[in-house]
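What you see is a predicted model; the values in this text were computed from it and never measured.
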Amino acid sequence: MGYGRWNDAILEPMRQIGDPLADEVIAEVFREHEIAMVNQIFRSLVENDDIVPHDMPPEVNTYLAQTATMPDWADTALIAQGEEFFSLNWPVIVTLLFCASLPSAYAAWRGAQVLLLTTRLTERIHRRIFETAQFVLNVMSPGAFTPHGQGIRSVQKVRLMHAAIRHLIEYDPRWRSQWDMAWGVPINQEDLAGTLMTFSTEILVGMARFHIPIRAADEEAFFHAWKVVGHIMGIQPDLLPTDPQDAYDLAEPIFHRQRGPSKAGRTLTKALIEFMERQMPGTLFDDLPSTIMRHAVDKDVADMLRVPRSNWTILLLNFEETLARVFDRFLPGDFRRSRILEWCSDAMVQEIINMERGGQRTRFTIPASLRAPV
């Protein structure tokens, strides 16, 4: 089945391709250094919020310099506009990150296997929530890709960790025994492109489902900023969409090809919902995250992941939707927001702040330009 210019003939070979540049860096680290040095590198990647060059061997520092440049096609004005769109909508986007983006990723049954294998999400749910939210803030906040921003370093770190995971699954018997090569190369090019779509187009789709108006110019700018992230992450140029419509055309066949029921996907979703429920004040609104999730993703995806059925909290969403239609007659659409999504975001972010990570108390850093709404 084809969607636009994307089809199985293009996407299937991408499941056998990882990230040659980063994979070679990690392979060289294993070849050239003692296991103590390798362990130190991995600890630094996992425990530190940034890559500290003096902690890294020459191979890694060469990689950092080689991948720190922006692509020739990057439009700084568009990136700034995309970051501004994020800064105006980030509470909503944070909620949709956990209620739309992550569930869509978990519904990709082959890609979900590596998430469960590498993170043991049910045991360390706080850490996964922390790192995912922090990554999005780091790469989408205003100034993220300026010389003093955290965007490039954050992407470089995740890219290197992906390569380390691929290496361990290929060469470490403890990891290799848990991997079925029928799933493809771990964190392969199709999975990377699919994840990029969940963080970009799936957010835009989620906003539309909650009747939050998006100007075409902001849609283009938001996607362009994420496309830059995809380039630095090591997604092959031929797999990067040209514009938002091309991105929607790419997302559809990837989701169609990869969606399927799996124990990994259900386990990840259950843990995510339980985490969000714990952040709701009191007990009255405990089921609200599940209700939002069911509203934010396709019904078949929600059923596949066994997202609990909506209870009375669906009335909150219905009431807000009715108000939005009324206000459309009196207020410009650009001013409409989802107070329910913003309220959920506030509850979750407040819990994430100062949370434990890996045995060390690490502050969840909200950039100064985004702090006012929380």
Side-chain angles (χ1 to χ4, degrees), residues 78-106 128-145 149-151 154-155 158 195-230 244 247-248 251 272 275-276 279 288-289 291-293 295-297 317 320 324 333-353 364-374:
L78 265 184
I79 293 172
Q81 184 178 344
E83 293 169 343
E84 178 65 17
F85 172 79
F86 176 82
S87 71
L88 292 173
N89 295 280
W90 79 273
V92 165
I93 291 174
V94 166
T95 300
L96 290 174
L97 171 69
F98 298 122
C99 293
S101 298
L102 290 183
S104 295
Y106 300 161
R128 170 56 59 181
I129 295 290
F130 182 104
E131 291 176 344
T132 303
Q134 189 69 73
F135 174 78
V136 171
L137 290 177
N138 286 352
V139 302
M140 291 305 298
S141 299
F145 291 97
Q150 293 183 298
S154 295
V155 180
V158 171
T195 301
L196 185 69
M197 296 304 100
T198 65
F199 282 7
S200 56
T201 61
E202 195 68 12
I203 291 293
L204 297 170
V205 169
M207 293 178 73
R209 283 178 169 158
F210 283 88
H211 303 281
I212 300 171
I214 307 169
R215 296 184 305 164
D218 288 334
E219 181 182 37
E220 178 185 4
F222 183 70
F223 170 72
H224 185 79
W226 274 111
K227 182 179 177 181
V228 171
V229 172
Y248 292 123
L272 177 60
F275 170 82
M276 291 190 292
Q279 317 321 316
L288 184 58
T291 297
I292 293 175
M293 191 177 292
H295 198 74
V297 300
L317 300 186
E320 185 173 68
D334 286 352
F335 289 99
R336 193 165 69 241
R337 314 168 71 93
S338 172
R339 298 300 179 186
I340 293 176
L341 298 190
E342 291 181 344
W343 180 73
C344 282
S345 171
D346 180 71
M348 286 188 287
V349 169
Q350 291 291 357
E351 174 65 18
I352 292 172
I353 290 174
F364 178 72
T365 306
I366 301 176
S369 59
L370 303 182
R371 287 176 188 161
V374 177

Smallest heavy-atom separation, P289 atom then C99 atom, equals O-SG, 4.0 Å
Out of curiosity, L102 CG to L97 CG, how far, rounded to the nearest 0.5 Å?
5.0 Å
Determine, stepwise, if the pair Y106 / T198 fulfils side-chain contact (heavy atoms from CB on, under 4.5 Å).
CA-CA 10 Å; Y106 300 161; T198 65; over 6 Å; no
Would you check if F98 and I292 make a side-chain contact, meaning some heavy-atom pair closer than 4.5 Å?
no
Separation of M276 CE from T95 OG1 (nearest 0.5 Å)
9.0 Å
Nearest heavy atoms of V297 and P103, plus distance in Å
CG1-CB, 4.3 Å
First locate atom CE of M207, then atom CZ of F222, and finally report the distance between them rounded to the nearest 0.5 Å.
8.0 Å
Write down the atom of P142, the atom of E83, and the distance for their closest heavy-atom approach.
CA-OE1, 3.6 Å
With rounding to the nearest 0.5 angstrom, report the CG to CZ distance, L204 to R209.
12.0 Å
First locate atom CE of M293, then atom OG of S104, and finally report the distance between them rounded to the nearest 0.5 Å.
9.5 Å
Give me the atom names and distance for the closest heavy-atom approach of G151 to F145.
C-CE2, 3.8 Å
Rounded to the nearest 0.5 Å, what separation is found between the CG atom of L96 and the CD1 atom of I212?
6.5 Å
When you look at F86 and V136, which way does the side-chain contact (heavy atoms from CB on, under 4.5 Å) test go after all the steps?
CA-CA 10 Å; F86 176 82; V136 171; 3.9 Å; yes
Taking side-chain contact (heavy atoms from CB on, under 4.5 Å) as the criterion, tell me which of W226, F135, F85 meets it with M140.
W226
Search all heavy atoms of F210 against all heavy atoms of A296 and return the closest pair with its distance.
CE1-CB, 4.0 Å
Would a distance-only check, ignoring hydrogens and angles, find a side-chain to backbone donor-acceptor pair under 3.5 Å from D218 to I214?
no
